[in-house]
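Remarks on the structure that follows.
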Amino acid sequence: MTINLKSAKSPWSALDGVEKLTLHPVKQSFNKEVVIPGSKSVTNRAFILAAFSEGTSTLSGYLKSDDTYWCMETLKKLGATFEFNDTDIKVTGIEVNQLPSKQQVFIGSAGTTARFLPGILGTQDNSEIIMTSTEQLAVRPHKTLHDALTQLGVEVNYLEEHGQLPISIKGNTETGGKVSVAGNQSSQFISGLLMAAPLFNKPTEIELTTDIVQSAYVDITIDMMNQFGINVDVSSDYKQMKVEQGKYQAVNLPLEADLSTACYFMALAALTESTIKINHLNLNSHQPDLEVVDILEKMGAEVERGADYVVISGPKQLRGNLTIDMNACSDQALTIGTLATFADGPITITGVEHIRHHECNRVSALTESLSKLGIQIEEHQDGWTITPGKIKSGVLDTFDDHRIAMSLSLIGTKVDGITLLDPSCVSKTCPTYFEMLQSLGITIDYI
Ligand SMILES: O=C(O)C1=C[C@@H](OP(=O)(O)O)[C@@H](O)[C@H](O)C1
Ligand SMILES: C=C(OP(=O)(O)O)C(=O)O
């Protein structure tokens, strides 16, 4: 019998009990501002690093969503304390080697927690942690990370299916050294090895056997390790990384807004001939989805880049006849794929084969969804060619995938009769997503 759960719903989820919703097209273009919630990627890194730091960190602007809730609950069960108000959270770190001797944790559907935590847990002596998840996360790729941790002396055991969650992780007194690992399935494996590295007993050298997908997420990791007092030595081609032993030190840190979430609002402006100003955006951020600003500009949107904001204004007609390699910012492949249906010529998206192993098989899920709406979409192993055409109304599955739901919702702001099933799956990273659309004047019927 499986100990994994079906649902990642948490006290921070929204739309409890809402089975579906119907969006109504925008009647008139608008000019509005939005403030985007905190970044999932930055929040979960900050929670984990703070939980393994000496002292108490204060984190402001953290994200409240399913992924961050289960990360926090897991760290609390491991001994970290979290005291929070609406904007700040104070995290007091776990004493070295003071993990519970045996503990079971549930991490929801968060790829970040699944890949960032096992290594760190393996640095602590005398403990056995059982990591369980949703069924969705259990079957995503993990084994490459676990094999690398085994090379470094961590004991990882599969409790049900080989290569899947749940796992048990046992700490050891002899850890660290050299490890070779592939980065072409998930950048999160590299981030997880890096975050654990300073806490191993020996200095750690990581050698990459391939390029890294979405490598900017590794930059975010290195940056945040720096902020918590640890330096990483990286070769210019990212193939060699060295980390000396050290202890993370508590910090006071404002956390960045989620640029992946921001993209849906930028896309909305581009699509509806509207103007949306996104406030409190770090335009020097490492978050790779910032590249969408340039993609929208290529598609004809007007962009104003301010010191800490961006304004996107949509054109009368989005441009197509483009081929876009989205390997570096693949969380947004679905967003651009959706916008492509409204362009003036076909758009080909390449480089995103690895998103077949995200929350769902995102490549085939978009093919299925757009085909259902009558759009011509040719699926490739690493993306699609999407040819704009007349779009029908329809009831669309969201595949328990927040990005499928948020991307397909954009179609409903242009086309009558788009209904999304299980809209609360947006709670993985943005529980307030549909409320934010409503605040921009979009009418939504909840059923
Ligand atoms: O490190 C991170 O915070 C993330 C890395 C990426 O995952 P992969 O590298 O597994 O594609 C990205 O898709 C995910 O949303 C967040
Ligand atoms: C792939 C994603 O999530 P995760 O952090 O679970 O990998 C995502 O948010 O698009």
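Position 1 is the first residue of the sequence; numbering continues from there. Remember, it's 1-based here, ligands and their atoms both numbered in the order they're listed. Computed from a predicted structure; not experimentally measured.
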What protein heavy atom is closest to [atom], reported as residue, atom name and distance in Å?
{"atom": "atom 6 (O) of ligand 2", "result": "Lys428 NZ, 2.6 Å"}
{"atom": "atom 4 (C) of ligand 1", "result": "Gln188 NE2, 3.3 Å"}
{"atom": "atom 10 (O) of ligand 2", "result": "Arg403 NE, 2.6 Å"}

field: Residue portion contacting ligand 2 (non-hydrogen atoms closer than 4.0 Å) for Arg362
entry: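 Just the side chain.
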
- prompt: Can you tell which part of Asp331 has a heavy atom less than 4.0 Å from ligand 2: side chain, backbone, both or neither?
  reply: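 Only the side chain of Asp331 comes within reach of ligand 2.
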
message: Please compare Arg140, Arg115, His358, Glu359 and report which has the shortest non-hydrogen distance to atom 7 (O) of ligand 2.
response: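 Among Arg140, Arg115, His358, Glu359, the closest heavy atom to atom 7 (O) of ligand 2 comes from Arg140.
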
- prompt: Which one of His354, Gln185, Gln214 has a non-hydrogen atom at the shortest distance from atom 6 (C) of ligand 1?
  reply: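 Nearest option to atom 6 (C) of ligand 1, by heavy atoms: Gln214.
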
- prompt: Going by heavy atoms, is Ser260 under 4.0 Å from ligand 2?
  reply: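 Contact check Ser260 vs ligand 2: negative.
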
message: Please work out, at 4.0 Å between heavy atoms, whether the side chain, the backbone, both, or neither of Phe116 comes within that distance of ligand 1.
response: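 Side chain only; the backbone of Phe116 stays clear of ligand 1.
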
task: Report yes if Ser186 has an N/O atom closer than 3.5 Å to an N/O atom of ligand 1; otherwise report no.
output: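 So ligand 1 has an N or O lying under 3.5 Å from an N or O of Ser186.
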
task: Any atoms of ligand 2 less than 4.0 Å from a non-hydrogen atom of Gln188? List them with their elements.
output: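 Selected atoms, number and element: 4 (P), 5 (O), 7 (O).
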
query: Looking at Phe47, Trp12, Phe106, which one forms a ring pair (Phe, Tyr, Trp, His ring centres under 6.0 Å) with Trp70?
result: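 Only match with Trp70 under ring pair (Phe, Tyr, Trp, His ring centres under 6.0 Å): Phe106.
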
